[in-house]
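Read the structure below first, then the notes.
Letters A, B, ... mirror the listed sequences (proteins, then strands); counts begin at 1.
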Amino acid sequence: MLAKRYRLSKRGSFTYVYRHGERKQTAALKLIYVLSRGEDRVGFSVSNKIGKAVVRNKIKRRLRAAYSPYCGHVAPSQMVFMATEEIVGKSFAEISSDMRYLLIRAGLYTDEKKNG
RNA sequence: AGAGAUGACUGUACGAUUGCGUCUGUUUACAGACGAGGAAAGUCCGGGCACCGUAGGACAGGAUGCCGGCUAAUUACCGGUGAAGGCGACUUUAAGGAAAGUGCAACAGAAACAGACCGCCUUGAAAAAGGUAAGGGUGGAAAGGCAGGGUAAGAGCCUACCGUCUCUGCGGCAACGCGGAGAGCGCUGUAAACCCCAUUCGGUGCAAGAGAAAAGAGAGGUUAAGGUUGUCCGCCGUCUCUCGAAAAUCGCUUGAACCUAUCGGCAACGAUAGGUCUCCAGAUAGAUAAUCGUAUUUAACAGAACCCGGCUUAUAGGUCAUCUCUAUUU
RNA sequence: GCGCCAUUAGCUCAAUUGGAUAGAGCGUUGGUCUACGGAACCAAAGGCUGGGGAUUCGAACUCCUCAUGGCGCG
């Protein structure tokens, strides 16, 4: 799915992104990102308000699975995907298309890069 | 056939492609093995384990409260007794002491442990006085209940039965049960009100902590600041407190463990034997997914975070066992 | 993960350690006043005291249990 080196794993880096990042959002998803050197790193945040542990875990898994095709093909940056309460009940396809829209809008991903 | 009661079990399966975590092996990219529940949940109890310059005494405070058993441990588990509910199978039950003391019992009612409102009887011309708790009315609770005798009217005043209390026989380890004799019975309820009696509790929780690494600034104190549990005594006996920086590693999973069989026990539970290496979750932004196919229904509640034992709560659909009542037929 | 606290009218809070109709302010609705509105005055509605059970004659208050919301701990 996602190797560990592509993941954000420290509380500090999350707060850094929250503080300095730019934001784009759809109804179900929110993307916060900071351009950086090196590799692209991603984190997922699903708040306690969205549901119980089973629901939250399911959403996180879906987000990881949706991101996996883009992994390694995105401009170097640190990103956090934040789920909103709208995401409950959405299918994998809907989440996936939302994510693609956000990545293109943020200018982190284009179709040419996918080919190369 | 219908309506119930109780106790259990199961709770998607198989396959394809792409992927995730841990371990092992070669080796740096592959291969193999394994990878979430009955409640992992709530955190309501009990323990293990860890630390706190010892946890020592007194007081205060908390918890529990029928009997026996089981256990590492218990008030919560198991079995029984009594009481309450149900036609019944069965269910529920924090169930010691109110005759040690204190408090409370609004309103109503004459009166709430103290005395006469109506009524009844006696005396009296009447007013009134006396007797009386059988009847009425008030209330959650009203002077043991009910029947007969008795009486001016009444009253355990007397008697039978039931209840209560005291003594006592038998059965039971015990709670208690079944009886017998006596006392006429002057004693309301509340202890999940204070309290009394008995038993019991040191505190903090893996964000406990361990051992490394690093080590600056400010304030206070010199025998009385500080620490030790809520207070006091007692004890410790020189640095103490605050702010800042840094947090990799271990603790972390082999354990009162799990499975199977036999035996003991009504049961909780215990004992013994076996399991060719039984050990096969152990993360730290936190691993089970995504896309499909097949099966009959599109499938509940729900995600380990130091580990166990119990309780409580959530749970679509399906299965089994033992019972009860009602109706019909034989 | 662990440890605590709270829940009363639409909102913010009371209710003398159990006693009967659960109060107050703001807000809402209606009326008086005014040419109209505000302010002021008068009146009314609005509560299964978060849900369920237990103790008690009687529970917002005591006990158990569930739910919701909030806080703290490196």
Between C:A45 and C:U29 - C1' atom distance, rounded Å | 7 Å

Inter-nucleotide P distance (B:A114, B:G101), Å rounded = 14 Å

Distance col, row A:Arg105:CZ vs A:Gln25:CD, nearest 0.5 angstrom, shows 10.0 Å

Pairwise side-chain contact, A:Leu63 with A:Leu29, heavy-atom cut-off 4.5 Å (strictly under) | yes

Look up atom CE in A:Met79 and atom CG in A:Leu103, then write down how far apart they are to the nearest 0.5 Å.
-> 6.5 Å

Separation of B:G303 C1' from A:Ile59 CD1 (nearest whole Å) | 14 Å

Taking atom C1' in both B:G318 and B:A304, compute the distance separating them and give it to the nearest angstrom.
-> 28 Å

Chi-angle category of B:G318 [syn within 90° of 0, anti beyond] | anti

Do any N or O atoms of the protein come closer than 3.5 Å to N or O atoms of nucleotides 300-302 of chain B, and which pairs are they?
residue, atom, partner, partner atom, Å
B:A302, OP1, A:Lys52, NZ, 2.9

As its Watson-Crick or G-U partner within any shown strand, both distances under 3.5 Å, B:G230 has B:C59

How far, in whole Å, is B:C301 from B:A314 if one measures between their C1' atoms?
-> 6 Å

Mate of B:A31 across any strand shown (Watson-Crick or G-U wobble, both atom pairs under 3.5 Å) is B:U24

Nearest heavy-atom contact between A:Ser96 and A:Ala66 is CA-CB, 4.3 Å

How long is the span from the CZ atom in A:Phe81 to the NZ atom in A:Lys60, to the nearest 0.5 Å?
-> 15.5 Å

In whole angstrom, give the distance that lies between atom CG of A:Leu63 and atom C1' of B:C20.
-> 15 Å

Pair assignment for B:U164, Watson-Crick or G-U wobble, requiring both distances under 3.5 Å | B:A183

With both distances under 3.5 angstrom, what nucleotide forms a Watson-Crick or G-U wobble pair with B:U151?
-> none

Per-nucleotide pairing state of RNA chain C [Watson-Crick or G-U, under 3.5 Å; [ ] pseudoknot-crossing; | other strand] = (((((((..((((.....[...)))).(((((.......))))).....(((((..]....)))))))))))).

Considering only atom C1', compute the distance from C:C64 to B:A63 and round it to an integer number of Å.
-> 15 Å

Quick one: A:Phe44 CZ to B:A285 C1', roughly how many Å, whole number?
-> 11 Å

Between C:U68 and B:G309 - C1' atom distance, rounded Å = 31 Å

Would you say A:Lys24 and A:Tyr33 make side-chain contact, with heavy atoms under 4.5 Å?
-> yes

Got a sec, which residues hit side chain to side chain donor-acceptor pair (under 3.5 Å) with A:Thr26, two or more places apart in sequence or on another chain?
-> A:Asp98

Calculate, to the nearest 0.5 Å, the distance between atoms CZ and CZ belonging to A:Phe44 and A:Arg61 respectively.
-> 13.5 Å

Taking atom C1' in both B:G237 and B:U54, compute the distance separating them and give it to the nearest angstrom.
-> 16 Å

B:A267 - base-pair partner by Watson-Crick or wobble geometry, distances under 3.5 Å | none

Side chains of A:Met99 and A:Leu31: does their closest heavy-atom pair fall under 4.5 Å?
-> no

Report the distance from atom NZ of A:Lys60 to atom C1' of B:A290, rounded to the nearest whole Å.
-> 17 Å

Who does B:A192 pair with, Watson-Crick or G-U, both distances under 3.5 Å?
-> none

Chi angles and distances behind the side-chain contact (heavy atoms from CB on, under 4.5 Å) call for A:Glu22, A:Val34 | CA-CA 7 Å; A:Glu22 292 189 51; A:Val34 176; over 6 Å; no

Could you give the distance separating B:A215 and B:C201 at their C1' atoms, to the nearest angstrom?
-> 43 Å

Can you tell me how far P of B:U288 sits from CZ of A:Arg61, to the nearest Å?
-> 5 Å

Identify whether the glycosidic angle of B:G115 places it syn (within 90° of 0) or anti.
-> anti

Calculate the interatomic distance between A:Arg62 atom CZ and B:C20 atom P; express it in whole Å.
-> 20 Å

Is there a Watson-Crick or G-U wobble partner for B:C292 with both distances under 3.5 Å, and which nucleotide is it?
-> B:G15

Base-pairing mate for B:A283 - Watson-Crick or G-U, with both contacts under 3.5 Å | none

